[in-house]
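The structure appears right after this line, and notes come after that.
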Amino acid sequence: MGCESSHSVEVTSQEKRRSVKSDQLGERQGSLDSEPGPTDVFTDIQIDCIRSTWPLVAKNRIKHGTNIFTDIFMIEPQVKQLFPFRDVNETALMIDHGFIRHVTRYMNCLELVCDNLETMHDPDCAATRHLLVLGATHAHVHNFDFRFFHVFIKCTHFTWEQVLGEEYTQEVREAWTKLFDFVVTKIQEGFLVCMAKKKKV
């Protein structure tokens with residue numbers, strides 16, 4: 001299916017993207033700039049902003065998810081050391097099954113939240129429970145630092161900005177920031193509950 005030629009295009013695209021300096025990523029405004037806010041209900045306007053822009057990202061979710069992770073590894077190399085593909089170079093990483101699987105899980109998690117915005121404030125919501133479990137799972141990762149989640153959000157904002165362009169208005173950015181803050185808050189909750197239990201053992 002033209003894998004070889006498409007791969008060369010991907011590498012070229014990655015090289016152009018990597019020309020963005022890490023300090024530019026650091027200057028982007030997003031939920032990294034403050035602690036996660038309260039997990040209150042999403043407004044109808046925020047839901048509309050998220051639902052109308054998500055398809056633009058989702059139609060090429062592997063490519064965009066890959067960009068998020070390569071940006072993360074660029075500005076926070078310690079994150080890559082947490083994965084089995086820690087020693088895989090960037091070119092090989094683009095076709096590494098473990099890497100692609102993790103990218104897919106990340107993007108699917110965001111999609112799950114997008115699909116359940118009306119009920120995310122309900123602790124019995126399947127998407128909310130998923131985030132809590134995800135946080136607990138990360139509590140078992142050796143050398144994991146919770147601040148890494150904020151780097152993920154920072155880089156996701158950056159990718160959204162690149163993909164959506166002019167459509168990533170202040171209103172849209174604020175809606176996604178609220179979603180990202182919600183995700184981080186719930187993952188943090190699951191993470192801290194699991195850590196507390198581990199200390200009691």
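The figures that follow rest on heavy atoms only: side chains count, while hydrogens, waters and symmetry mates do not.
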Indicate yes or no: at least one non-hydrogen side-chain atom of Leu179 is less than 4.5 angstrom from one of Met120.
no

Does any N or O in the side chain of Thr119 come within less than 3.5 Å of the main-chain N or O of Asp122, such that one atom is a donor and the other an acceptor?
no

Report yes if the side chains of Val57 and Met107 come closer than 4.5 Å at any heavy-atom pair, otherwise no.
yes

Can you check whether Val113 reaches His130 side chain to side chain, under 4.5 Å on heavy atoms?
no

Can you measure from CD1 (Ile75) to CZ (Phe158) and round to the nearest 0.5 angstrom?
10.0 Å

How far does CG of Asp145 sit from CD of Gln78, to the nearest 0.5 angstrom?
7.5 Å

Can Leu132 be reached from Val184 by stepping across I, L, V, M, F, W or Y side chains whose heavy atoms are under 4.5 Å apart?
no

Would you call the rings of Trp176 and Trp54 parallel, tilted or perpendicular, where under 30° means parallel and over 60° means perpendicular?
tilted

Sidechain-backbone polar pair: Gln46 side chain, Thr43 backbone, donor-acceptor under 3.5 Å
yes

What I'd like to find out is whether the side chain of Ile68 reaches to under 4.5 Å of the side chain of Trp160, using heavy atoms alone.
yes

Do Leu134 and Leu82 belong to the same hydrophobic cluster, where Ile, Leu, Val, Met, Phe, Trp and Tyr are linked whenever their side-chain heavy atoms lie under 4.5 Å apart, directly or via other members?
yes

On a heavy-atom basis, the closest approach of Val151 and Glu76 is CG1-CB, 4.1 Å

Over 12 foreign heavy atoms within 6.0 Å of CG, Asn89:
yes

Minimal heavy-atom distance between Cys114 and Arg51, with the atoms involved, is O-NE, 2.7 Å

Please check if the number of heavy atoms outside Ile62 that lie under 6.0 Å from its CD1 is greater than 12.
yes

Nearest heavy-atom approach of Leu56 to Glu167 is CD1-OE1, 3.6 Å

Kindly work out whether a path of hydrophobic side-chain contacts (I/L/V/M/F/W/Y, heavy atoms less than 4.5 Å apart) joins Val141 to Val103.
yes

Once the angle between the rings of Phe191 and Phe149 is folded into 0 to 90°, is it parallel (under 30°), tilted (30 to 60°) or perpendicular (over 60°)?
perpendicular

Donor-acceptor pair, distance only, cut-off 3.5 Å: does the side chain of Asp96 make one with the backbone of Ala92?
no

Would you call Phe182 and Thr128 a side-chain contact if the rule is heavy atoms closer than 4.5 Å?
yes

Any side-chain heavy-atom pair of Tyr168 and His157 under 4.5 Å
yes

Test item: Leu112 and Asn108 side chains (from C-beta on) under 4.5 Å apart, heavy atoms
no

Please find the pair of heavy atoms, one from Phe85 and one from Leu93, that lie closest to each other, and give the distance.
CD1-CD1, 3.6 Å

Do any N or O atoms from the side chain of Lys178 and from the backbone of Val41 form a donor-acceptor pair under 3.5 angstrom?
yes

Measure the spacing between CG of Leu117 and SG of Cys49 and express it to the nearest 0.5 Å.
11.0 Å

Let me confirm one number: the CG-CZ distance from Leu110 to Phe180, rounded to the nearest 0.5 Å.
6.0 Å

Ignoring hydrogens and angles, tell me if any N or O in the side chain of Lys80 forms a donor-acceptor pair with the backbone of Val88 under 3.5 Å.
yes

Could you report the tightest heavy-atom contact between Thr169 and Glu166, atom names first, then the distance?
CG2-O, 3.5 Å

Tell me whether the rings of His102 and Phe69 are parallel (<30°), tilted (30 to 60°) or perpendicular (>60°).
perpendicular

Interatomic distance, OG1@Thr104 vs CD@Glu111, rounded to 0.5 Å, equals 11.0 Å

Heavy-atom side-chain contact between Cys109 and Leu131 under 4.5 Å:
yes

To the nearest 0.5 Å, what is the distance between CD on Gln162 and CG on Asn67?
9.0 Å

